[in-house]
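Note that this is a predicted model, so its numbers are computed, not measured. Order of appearance sets the numbers: ligands from 1, and atoms from 1 within every ligand.
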Amino acid sequence: MKKIGVLTSGGDAPGMNAAIRSVVRKCIYHDIEVYGIYYGYQGLIDGNIEKMEIGSVGDIIQRGGTMLYTARCEDFKTPEGRQKGIDQLEKHGIEGLVVIGGDGSFMGAKKLTEAGYPCIGVPGTIDNDIPMTDFTIGFDTALNTVIDAIDKIRDTATSHERTYVIEVMGRDAGDIALWTGLADGAESILIPEVDDNFEDIIERLKRGHERGKRHSIIIVAEGVGSGFDYGQRIQDATSLETRVTVLGHTQRGGSPTAFDRVLASRLGAQAVDLLIKGKAGRMVGIQNNQLVDHDIIEALNNKHQLDLDMYKLSKELSI
Ligand code: F6P
């Protein structure tokens, strides 16, 4: 393998830059030419490709976002779109590709591998919703961003004796809601994986209020529904003064935590190692703190499992 490409695709995540840096430096370390593909699969189709050097990835390990930029590309889902991408790979002599992104991005990597271009998927998404890895790049940073916001909200919530509904990201997965809810002692956590019991939420709020609690926090994963709708329903049912905060895309930005930088550095390098060994159509991940790789198809056929014991614990601790 003499030339490897790297791209980021789908929603960005803090730590993607550290992963790009790792791929680039690892390639150069092994005397492999490395090419950055800008704007994800769209850039591949358009031929937005540049050779990268050691200095191309200097001073990015601490930055959020992705220096290669990203896109959600509909064209690449069609055989015609993919053929255009393959033509570009051939034109540049790129023999293997590292794709950093979520499950949609992995699908593209699978299709390219089937077409004869070895790809390795590196899980990068704040949602932590990729199966067969305990953590995805960006999740830890997003958790810390949410915790920081909730801690601030707590201050004002206590002063005014209010109930707060906080909507966090997570279209299909409740990991951000669950982890931040547990980390911040939320009264209730609403996640797509568990049917919520509205009566129970109201019961808990009333109990807490009667016990003299000055504020309550309810975390809602966006996949469950609108935080504003829940806020209205809760205020109507309890008469407690309720406010809503939607944290939105603040969760996707910011300097990656040490955990995400280390994870990204390990996974990016591992992806290059696999390509060097002639492996293709794999995803890299971390399980029980060990680097692992799995067949991408197997990963796509599996569903990410949220830790329901943690959910149970959060209920037990917020009696
Ligand atoms: O997949 C990551 C994610 O941040 C989801 O949690 C969220 O629903 C989605 O991306 C938002 O996507 P966009 O930035 O395209 O609106």
Practice prompt. For atom 12 (O) of ligand 1, grab the closest protein heavy atom and report residue, atom and distance to one decimal in Å.
Written response: R72 NH2, 3.0 Å
Item to complete: Using a 4.5 Å cut-off on heavy atoms from C-beta on, say whether the side chain of D59 contacts that of R63.
Response: yes
Worksheet, complete the sentence: Looking at H249, E222, R252, the heavy atom closest to atom 10 (O) of ligand 1 belongs to R252
Worksheet item: Quick one: does Q42's side chain get under 4.5 Å of R72's, heavy atoms only?
Response: no
Worksheet item: Any idea which protein heavy atom is nearest atom 6 (O) of ligand 1, and the distance to it?
Response: D127 OD1, 2.7 Å
Discussion item. Please confirm whether G102 approaches ligand 1 to less than 4.0 Å, judged on its heavy atoms.
Written reply: no
Worksheet item: E298 versus M132: any side-chain heavy-atom pair under 4.5 Å?
Response: yes
Response to the item:
On a heavy-atom basis, the closest approach of P192 and V224 is N-CG2, 3.3 Å
Worksheet item: What atoms of ligand 1 come closer than 4.0 angstrom to any heavy atom of M169?
Response: 4 (O), 6 (O)
Worksheet item: Hey, would you say the F135 and F259 ring centroids sit under 6.0 Å apart?
Response: yes
